[in-house]
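Note sheet for the following structure.
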Amino acid sequence: MKFKAMTAVVALAISAPLVFAGGADDDTLAIDGEEMISKTAAPAHMEETGIDTIISGWHFREDDTQSMQTDSFDNPGMIFVDQAMDMWSTVEGEAGESCASCHGDVSTFEGLTTKMPKVNEDGELVVMEDIINNCRTERMQADAWKWSGNDMQSMVALIGNQSLGMPMDVAIDGPAAEYWKQGKEMYYTRYGQLELSCANCHEQNYGNYIRADHLSQGQINGFPTYRLKQAKLISKHNRFRGCIRDTRAETFAEGSDEFRALELYVASRGNGLSVETPAVRQ
Amino acid sequence: MKLTGISAAVVLCATAAIANPIAPGEVQYDEYGAVAASLSGSEGDAANGAKIMVNRGKGNCVACHAVTALNEAPFHGEVGPSLDGVGSYRSEEELRGIVANAKKMFEGTVMPAFYKTSGSIRPGDGYTGKAAEEEDLMPILSAQEIEDVVAFLLTLQDS
């Protein structure tokens, strides 16, 4: 941050037209003292995009928002992780089971989030919410949770937090290939009356301001993220929905097959970045 | 006979008046993407154009462009070039074409078309996220609003 800002001031002094300091900052992200991989070489499949470094959304936020994420005690999203910890061992449903009665300690899920979304034995692309709801309805005989509801996103965050710092590593080949292709096509589709694609904003213009928003690469390694404005955890599909709605488009539903495919593709653009769940956003 | 002739002429005048705001699908762009005639048939109101440019639900042009003359409205973006002085190096016809449909001049540009109602993928009902019926899709700006914005852009002269 400091260095970039200084160069910007120098540039400002030299060139008359007002240029605002764009781009990612140069800070390093450590959470509870453990350094995160928040910038790294782009995965091979991104060669044609012109992006050679993938960057966590953390680098595009203001200092005060950033600092909340560096210490688990200061991170307001951790309250939801704690709540999910309580739910983890709570018996619910006809079967008389809890998550803990089948899985033991939640730490056994270390690394799982780095591989999500993935294709299951039936050849279907599944995301974390699917796995959780499948356990609830099939194994616990309890009600399914609402996709972007507090219960669901808190549990997604608790499981994600077990992989904190581990690099994302979703598979895009084999049975995942066709889903990945579908997601990629969506990423470059210019939706809505404004005719804007994900790539228009997050590939061509990351680092630039669009009105008051500092555009990031639209990475999902920090999701669910805690959004200060809404004071709750935001799901990946909720974010996708909002971004597409803002192009004056008919959006897709949370939990739709389209968003599963898009999630796989967007996750693959972050392969190599640390899981930061739950990240903090303004 | 005579009488019908007169009423026919009246009808003709009436349709001409209705056709006066040129419909989005009828706009004539030249080979460079410029548009010669006023879309509304009337002059633009620069003061209203300035309001449209900062209104988030209307042009929201400052989302992408910095405009010093509009500095009262906070947060100008940097996705597009600064529009300072654009009225000195762009003609009225060019500006009209750019605002109506910038893709005619800048192929593949991220700048949205503000006077176009067909050809988009999954058009929504405003910013609700719900589907729009293609037949009742309105352009983002009306013919007169385009003219107002163009009139304002022409006031942006090199100092």
Side-chain angles (χ1 to χ4, degrees), chain A residues 8 11-12 15-23 60 62 148 185-216 237-254 256 258-259 262 282, chain B residues 24 53-68 70-71 73-85 101-103 108-134 136-141 158-159:
Chain A
L12 248 164
S15 64
L18 261 179
V19 182
F20 298 98
F60 298 86
E62 302 283 345
S148 287
E185 209 170 291
M186 289 180 70
Y187 196 86
Y188 289 96
T189 299
R190 301 187 66 161
Y191 290 112
Q193 205 175 1
L194 298 187
E195 297 180 290
L196 291 169
S197 67
C198 313
N200 286 147
C201 287
H202 295 295
E203 181 171 301
Q204 277 173 255
N205 279 297
Y206 72 88
N208 286 332
Y209 275 88
I210 186 163
R211 201 93 203 224
D213 289 316
H214 195 194
L215 283 168
S216 70
H237 290 195
N238 185 267
R239 181 77 239 193
F240 295 167
R241 194 165 64 103
C243 280
I244 294 188
R245 180 198 58 215
D246 288 348
T247 68
R248 278 181 175 253
E250 174 191 6
T251 188
F252 298 90
E254 295 170 3
S256 60
E258 288 89 350
F259 275 170
L262 184 63
Q282 77 281 28
Chain B
M53 290 201 43
V54 299
N55 182 326
R56 282 166 206 272
K58 291 278 186 184
N60 200 16
C61 314
V62 295
C64 293
H65 296 284
V67 186
T68 304
L70 298 175
N71 266 351
F75 308 124
H76 295 195
E78 37 186 19
V79 169
S82 160
L83 297 180
D84 287 354
N101 185 355
K103 291 175 180 72
T109 184
V110 300
M111 177 160 158
F114 289 89
Y115 202 63
K116 181 166 170 274
T117 52
S118 61
S120 59
I121 299 165
R122 295 175 73 90
D125 178 7
Y127 293 103
T128 62
K130 298 201 175 71
E133 300 294 337
E134 185 86 2
D136 53 45
L137 198 63
M138 300 288 283
I140 299 168
L141 298 179
D158 280 336
S159 43

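Lettering of chains follows the sequences in order, A, B, ..., and the numbering in each one begins at 1. The model shown is predicted, which means the values in this text are computed figures rather than measured ones.
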Side chain of [X], backbone of [Y]: donor and acceptor closer than 3.5 Å?
X	Y	answer
Asp84(B)	Thr68(B)	yes
Arg122(B)	Glu250(A)	yes
His76(B)	Ser82(B)	no

Contacting moiety of Leu196(A), where chain B heavy atoms sit under 4.5 Å: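 Interface part for Leu196(A): side chain.
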
Contacting moiety of Ser197(A), where chain B heavy atoms sit under 4.5 Å: neither

Within 6.0 Å of CZ in Phe75(B), more than 12 heavy atoms from elsewhere: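 No - once you tally the heavy atoms of other residues, nucleotides and ligands closer than 6.0 Å, there are 12 at most.
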
Side chain to side chain donor-acceptor pair (under 3.5 Å) partners for Gln204(A), two or more places apart: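 Side chain to side chain donor-acceptor pair (under 3.5 Å) check on Gln204(A) returns Asn200(A).
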
Heavy-atom pairs under 4.5 Å with chain B, option from Thr189(A), Leu215(A), Asn205(A), Asp213(A) with the top count: Asn205(A)

side-chain contact (heavy atoms from CB on, under 4.5 Å) partners of Glu185(A), counting only residues at least two apart: none

Salt bridge (charged side-chain N to carboxylate O under 4.0 Å, His left out) pairs, two or more places apart, involving residues 188-209 of chain A: Glu195(A)-Lys103(B), Glu195(A)-Lys116(B), Glu203(A)-Arg269(A)

Residue among Pro112(B), Ala63(B), Gly80(B), Gly126(B) with most heavy-atom pairs under 4.5 Å to chain A: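 Most pairs with chain A among the choices: Ala63(B).
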
Whether His214(A) and Phe60(A) hold their rings parallel, tilted or perpendicular, with breakpoints at 30° and 60°: perpendicular

Residues from residues 241-248 of chain A approaching chain B under 4.5 Å (heavy atoms):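 When heavy atoms of chain B are the reference, residues 241-248 of chain A contributes Arg245(A), Asp246(A), Arg248(A) within the under-4.5 Å range.
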
